[in-house]
Amino acid sequence: QVDLVESGGGSVQPGGSLRLSCAASGRTFSRYYMGWFRQAPGKEREFVAIINWSGTRINYAGSLKGRFTISRDITKNMVYLQMNSLKPEDTAAYYCAASNFPSYSTLDYNFWGQGTQVTVSS
């Protein structure tokens, strides 16, 4: 069992930055692949980024590569998403999730946080 709690969302102007955090509880946190997803109003939840336990395997949604950076600190049971050069189309609820294997599909993630809202607007 892994409990996930996101934080760090908020409102920012286009071009700004935010760092999302995901706090995980559970003794087996380090065994999971951790992913970030996002869901805009009226749209399906979409993959953002994924990282393995050691941080050596990382992948991003193609359109976000170069602006977003995922990282994790196993010692602190934390996963982060640094978001730079934010655009209005990045506005969404952002979720962290845990999976037993690397996947871009929401269906493969066993545990989810409650989400944190990111709004990019001038």
Side-chain angles (χ1 to χ4, degrees):
Q1 178 69 31
V2 176
D3 294 320
L4 304 172
V5 179
E6 303 95 334
S7 62
S11 296
V12 64
Q13 292 186 340
S17 298
L18 282 174
R19 187 195 196 203
L20 305 183
S21 299
C22 174
S25 61
R27 292 181 298 171
T28 59
F29 167 70
S30 62
R31 65 183 286 187
Y32 290 100
Y33 288 82
M34 297 300 298
W36 283 98
F37 290 78
R38 68 184 184 182
Q39 187 167 19
K43 295 187 177 181
E44 292 187 353
R45 194 168 297 188
E46 65 176 4
F47 169 79
V48 173
I50 184 174
I51 188 168
N52 71 333
W53 72 273
S54 63
T56 57
R57 293 181 64 183
I58 293 174
N59 273 302
Y60 300 94
S63 61
L64 303 177
K65 197 174 296 184
R67 295 195 298 123
F68 287 18
T69 302
I70 189 172
S71 60
R72 73 189 292 173
D73 186 338
I74 291 177
T75 64
K76 297 180 179 179
N77 279 9
M78 297 292 293
V79 181
Y80 306 99
L81 184 69
Q82 177 68 42
M83 306 185 296
N84 298 327
S85 302
L86 283 163
K87 305 175 181 181
E89 51 264 42
D90 294 317
T91 295
Y94 284 72
Y95 300 86
C96 69
S99 174
N100 289 309
F101 52 90
S103 175
Y104 302 157
S105 172
T106 59
L107 299 176
D108 295 322
Y109 284 76
N110 309 87
F111 306 104
W112 291 85
Q114 83 291 345
T116 185
Q117 180 66 36
V118 171
T119 302
V120 185
S121 174
S122 56

Atom of L81, atom of A49 and distance for their closest heavy-atom approach = CD1-CB, 4.4 Å

Is the shortest heavy-atom distance from the side chain of D73 to the side chain of Y80 under 4.5 Å?
-> yes

Looking only at heavy atoms, the pair that brings M78 and S21 closest together is CE-CB, 3.7 Å

Does E44 CD have over 12 foreign heavy atoms under 6.0 Å away?
-> no

When Y33, Y60, F47, F37 are each screened for ring-ring contact (aromatic ring centres under 6.0 Å, His included) with Y104, the one that passes is F47

With S11 as reference, evaluate V120, T91, V118, T119 under the side chain to side chain contact (heavy atoms under 4.5 Å, CB included) test and give the passing residue.
-> T119

What closest approach, in Å, do R38 and A92 show between heavy atoms, and which atom pair accounts for it?
-> CB-CB, 3.9 Å

Backbone N/O of S103 and side chain of Y109: donor-acceptor pair under 3.5 Å = yes

Applying side chain to side chain contact (heavy atoms under 4.5 Å, CB included) between S17 and each of R67, Q82, M83, report the one that passes.
-> Q82

With T106 as partner, the option from E46, Q39, R45 fulfilling side chain to side chain contact (heavy atoms under 4.5 Å, CB included) is R45

Would you say L4 and C96 make side-chain contact, with heavy atoms under 4.5 Å?
-> yes

Identify the two heavy atoms, one from M34 and one from C22, that lie closest to each other, and give their separation to 0.1 Å.
-> CE-SG, 4.4 Å

For the pair Q114 (side chain) and V5 (backbone), establish whether a donor and an acceptor sit closer than 3.5 Å, ignoring hydrogens and angles.
-> no

Parallel, tilted or perpendicular, as decided by the 30° and 60° cut-offs, for the rings of F68 and Y94 | tilted

Looking only at heavy atoms, the pair that brings R72 and Y32 closest together is NH1-O, 2.8 Å

N/O donor-acceptor pair under 3.5 Å between S99 side chain and D108 backbone | yes

Which heavy atom of I51 sits nearest a heavy atom of I70, and at what distance?
-> CG2-CD1, 3.7 Å

Is there a donor-acceptor pair closer than 3.5 Å between any side-chain N or O of D3 and the backbone N or O of S25?
-> no

